[in-house]
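Every value quoted in this text rests on a predicted model; they were computed, and no experiment measured them. Only heavy atoms go into these numbers, but all of them, side chains included; no hydrogens, no water, no symmetry mates. Sequence positions, counted from 1, serve as the residue numbers for this chain.
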Amino acid sequence: MLIKLIELHVHSHRTTTRELYVNTQSIVSITQEVRPKALEEARAIGFSPMTQFSTLVINEGYSSRQITVAHSPEEVHKKIRTSKGLLKG
C-alpha cells in the first residue's frame, strides 16, 4: 500500500517540500522530529509553529534512508491504518 506524505527535502542547503508516496511495508520506524535545525528550516519556509514533524526510516533493500515529513507520528500511523491501496491488481 502507498501513502502520500509531504517531505521536507534539503538540497544544496535549501529546504523545500515535495509530495512523496511511500510503501507502507517499507517503513521501519516513525519518530517525532525534534532536531532544532530541521524545525527552524520548516518554519522558515512557512510552516506553522503548531505543525508537527516526523522522521521515517525507510528500508531500501540493503540500506535504509531517513526522511522528515510534515505529519505527526500519529498522523502517519493513521494514514497507514486507513490506507486502502492506490494500486489494485
Side-chain angles (χ1 to χ4, degrees):
M1 306 279 175
L2 297 175
I3 57 171
K4 179 180 169 182
L5 301 170
I6 304 299
E7 177 187 14
L8 291 178
H9 178 68
V10 179
H11 182 70
S12 299
H13 304 290
R14 186 165 176 244
T15 302
T16 58
T17 61
R18 64 182 180 185
E19 290 181 351
L20 175 73
Y21 290 89
V22 176
N23 182 341
T24 57
Q25 295 177 344
S26 297
I27 298 174
V28 176
S29 67
I30 307 165
T31 56
Q32 186 162 356
E33 177 60 72
V34 293
R35 292 177 297 161
K37 182 173 170 85
L39 299 175
E40 288 172 19
E41 291 171 353
R43 307 293 182 248
I45 61 172
F47 280 98
S48 162
M50 300 301 293
T51 305
Q52 294 185 17
F53 299 89
S54 300
T55 298
L56 275 62
V57 176
I58 307 294
N59 181 8
E60 295 183 330
Y62 291 105
S63 64
S64 62
R65 174 171 63 126
Q66 287 188 358
I67 59 171
T68 302
V69 296
H71 305 276
S72 70
E74 293 81 15
E75 290 172 319
V76 175
H77 186 255
K78 183 177 178 182
K79 283 179 176 264
I80 292 169
R81 280 195 338 241
T82 61
S83 67
K84 298 197 190 273
L86 298 176
L87 303 176
K88 297 188 182 207

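Minimum interatomic distance between I80 and I30 (heavy atoms only, all atoms of both residues): CD1-CD1, 4.0 Å.
Side chains of S54 and Q32: no donor on one and acceptor on the other come within 3.5 Å. Under 3.5 Å, the side chains of R35 and T68 contain a donor-acceptor pair of N or O atoms.
H9 places no side-chain N or O within donor-acceptor distance of the main-chain N or O of T15, the cut-off being under 3.5 Å. Listed for the S48 side chain is a donor-acceptor partner under 3.5 Å among the backbone atoms of M50. Panel note: side chain R65, backbone V57; no donor-acceptor pair is recorded below 3.5 Å. The backbone N or O of M1 sits less than 3.5 Å from a side-chain atom of T24, completing a donor-acceptor pair. Although no hydrogens or angles enter the test, the distance criterion places no donor-acceptor pair under 3.5 Å between the side chain of T51 and the main chain of F47. Counting only distance, with no hydrogens or angles, the side chain of K79 and the backbone of K4 share a donor-acceptor pair below 3.5 Å.
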Given E33 and L39, is the side-chain contact (heavy atoms from CB on, under 4.5 Å) satisfied, shown in steps?
CA-CA 8 Å; E33 177 60 72; L39 299 175; 4.2 Å; yes

Does the side-chain contact (heavy atoms from CB on, under 4.5 Å) test come out yes or no for Q52 and E74, once each step is laid out?
CA-CA 10 Å; Q52 294 185 17; E74 293 81 15; 4.2 Å; yes

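Rounded to the nearest 0.5 Å, atoms OG1 (T31) and CG (L56) are 8.0 Å apart. Taking CD of E40 as the start and CD1 of I45 as the end, the distance is 13.0 Å to the nearest 0.5 Å. Distance check, rounded to the nearest 0.5 Å: CD1 of I3 to CG of N23 gives 9.5 Å.
The environment of E60 atom CD is dense: over 12 non-hydrogen atoms of other residues, nucleotides or ligands sit within 6.0 angstrom.
Note on L8 and L20: separate hydrophobic clusters, where clusters join Ile, Leu, Val, Met, Phe, Trp and Tyr whose side-chain heavy atoms are under 4.5 Å apart, directly or indirectly. With hydrophobic clusters built from ILVMFWY side chains whose heavy atoms lie under 4.5 angstrom apart, V22 shares a cluster with V76. I6 and F53 are members of different hydrophobic clusters when ILVMFWY side chains are connected at heavy-atom separations under 4.5 Å.
One finds a salt bridge joining K37 and E41 here, because a Lys/Arg side-chain nitrogen approaches an Asp/Glu carboxylate oxygen to under 4.0 Å.
Contact check for E19 versus E7: no side-chain heavy atoms found under the 4.5 Å cut-off.
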